[in-house]
Number of protein chains: 2
Amino acid sequence: MATTEKASTRDRLLDAAAELFYRDGVSIGVEALCRTAGVSKRSMYQLFDSKDEVLAASLERRAPGYAAQLMPGPEDAGTPRERILYVFEQVEKASVGPGYQGCPFLAALVELKDPEHPASRVAATAKQRLLDAFRTQAELGGARDPELLARQLMLVFDGASARAGARIETLDGLATATASTLLDAAGLPE
Amino acid sequence: MATTEKASTRDRLLDAAAELFYRDGVSIGVEALCRTAGVSKRSMYQLFDSKDEVLAASLERRAPGYAAQLMPGPEDAGTPRERILYVFEQVEKASVGPGYQGCPFLAALVELKDPEHPASRVAATAKQRLLDAFRTQAELGGARDPELLARQLMLVFDGASARAGARIETLDGLATATASTLLDAAGLPE
DNA sequence: CAGCGAGGAAACCGATCGGTCTACCGGGCG
DNA sequence: CGCCCGGTAGACCGATCGGTTTCCTCGCTG
């Protein structure tokens with residue numbers, strides 16, 4: 001079987017969903033979503049039980065690429081400190097893009113408000129993975145309290161992406177500088 | 001003239017709006033809003049031009065009380081450091097409440113996505129006031145870079161309230177500890 | 001070629017959206 | 001008393017919501 005087929009109906013739908021939900025929020029309509037994806041509502045409701053499931057699936061699909069964009073590959077050399085700071089540099093880089101609206105997973109959690117919503121569970125899992133990655137690097141770097149440091153870094157990460165996405169902060173080294181200060185205090189050396 | 005009259009139509013409407021928009025998000029309907037407030041749609045549309053204006057006005061009304069809850073009164077003694085940390089203690093206290101959904105102003109900015117929306121402008125102003133308060137205290141305390149410190153504290157504040165509101169973080173000293181670390185690094189003494 | 005299934009177009013469902021408007025009610029005031 | 005005014009209740013508007021269904025056209029396969 002070929003690994004490169006033309007994008008399936010499902011793929012087109014989830015790609016459009018990821019983009020529209022991110023740009024316009026979760027209250028975008030099914031009609032507009034299907035029109036954009038070039039997929040009929042009939043097909044959408046054969047693939048998914050509800051709009052909520054489409055949202056959840058689109059976030060799930062987005063997760064690996066999101067992580068890859070933020071995290072340096074396992075091959076890239078670098079100290080734990082460098083690997084952590086790389087994440088914040090990437091956020092700052094992304095945040096200057098014209099369509100930047102902050103972390104899509106946090107946005108979904110804020111908009112849905114219900115932690116039990118299927119999409120909320122997906123989003124929470126994605127955030128958990130970043131927390132885990134921070135903790136792993138904190139441990140490797142010999143931080144005094146890796147769990148504490150990882151949670152602190154998540155505060156900065158989410159604060160920075162939310163504020164930049166809302167256009168009330170420009171970052172511009174701010175996130176990296178703040179993370180760096182926390183790394184210093186945690187005893188994570190160069 | 002009496003300072004205590006029974007709540008005016010406008011007051012009842014804005015109080016209900018603040019609560020519903022916060023609890024259910026900005027996409028709550030005008031119908032449900034008016035029913036909850038005990039105000040007819042007719043009255044609402046005589047007082048405001050649109051639902052968007054109601055949202056903006058409800059946030060504006062909420063702002064002073066929100067600030068008062070977070071900030072110690074000007075009479076309360078305390079070093080700048082103590083006054084700053086008080087804010088984070090208050091967030092942690094509020095975040096354990098059952099209906100906590102994070103900072104209502106940041107939530108509105110995230111949900112609306114449009115920085116030009118009238119309610120977004122109100123929300124941005126409210127956030128700016130907290131930033132100003134942080135910077136003032138940072139200056140009073142002799143921080144090396146008061147503007148930088150204030151922006152860092154806002155990252156922590158918004159990250160902490162968003163994550164606690166989304167139920168993916170419990171705080172429990174985390175926000176205060178993180179702020180404290182940043183204060184140390186900025187040279188703001190006890 | 002015939003037959004079949006996937007999927008698009010679009011009508012349709014009841015409910016709700018933001019917003020307008022009419023009808024009515026009650027209290028204050030001449 | 002008679003009038004007006006602030007307000008409520010709720011019908012109503014066209015549009016859209018999430019979701020279902022019908023119809024028809026493709027392209028594949030035997």
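In this text the structure is predicted, and so the values were computed from the model without any measurement. Residue numbering restarts at 1 for every chain, and letters A, B, ... go by the order of the sequence lines.
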Output all residues satisfying side-chain contact (heavy atoms from CB on, under 4.5 Å) with B/Asp15, sequence neighbours left out; order by chain, then residue number.
B/Arg61
Span of DNA chain D in contact with chain A (heavy atoms, under 4.0 Å)
D/dC17 to D/dC23
Contacts table for residues 30-40 of chain A: side-chain donor-acceptor under 3.5 angstrom, sequence neighbours left out:
from: A/Thr36; atom 1: OG1; to: A/Ala32; atom 2: O; distance (Å): 2.8
from: A/Ser40; atom 1: OG; to: A/Ser43; atom 2: N; distance (Å): 3.2
from: A/Ser40; atom 1: OG; to: A/Ser43; atom 2: OG; distance (Å): 3.1

Listed by chain and number, what are the ring-ring contact (aromatic ring centres under 6.0 Å, His included) partners of B/Phe88, not counting sequence neighbours?
B/Phe134
Applying side chain to side chain donor-acceptor pair (under 3.5 Å), name anything that partners B/Ser180, two or more places apart in sequence or on another chain.
B/Arg81
Near DNA chain D, counting only heavy atoms under 4.0 Å, which residues of residues 50-57 of chain A show up?
A/Ser50, A/Lys51
Could you name each residue pair satisfying side chain to side chain donor-acceptor pair (under 3.5 Å) that touches residues 159-175 of chain B, not counting sequence neighbours?
A/Arg151-B/Glu169, A/Asp158-B/Arg163
For A/Tyr66, the side-chain contact (heavy atoms from CB on, under 4.5 Å) test, sequence neighbours excluded, returns A/Gln69, A/Leu70, A/Cys103, A/Pro104, A/Phe105, A/Phe157
With heavy atoms under 4.0 Å as the rule, sort A/Ile28 into base, sugar-phosphate or nothing.
sugar-phosphate
Applying side chain to side chain donor-acceptor pair (under 3.5 Å) to A/Asp52 and not counting sequence neighbours gives A/His117
Below 4.0 angstrom from OP1 or OP2 of C/dT20, is there any side-chain N or O of B/Tyr45?
no
Tell me, please, which residues at least two apart from B/Ala166 pass side-chain contact (heavy atoms from CB on, under 4.5 Å).
A/Leu109, B/Ile168
A/Leu148: what forms a side-chain contact (heavy atoms from CB on, under 4.5 Å) with it, not counting sequence neighbours?
A/Asp145, A/Gln152, B/Leu174
Rounded off to whole Å, could you give me the CG-to-P distance for the B/Asp49 and C/dG19 pair?
9 Å
Rounded to the nearest 0.5 Å, what separates atom CE in B/Met71 from atom CG in B/Leu130?
6.0 Å
Assign a letter to each nucleotide of nucleotides 3-12 of chain C from its 5' end: B, base within under 4.0 Å of a protein heavy atom; S, sugar-phosphate only; -, no contact.
----BBB---
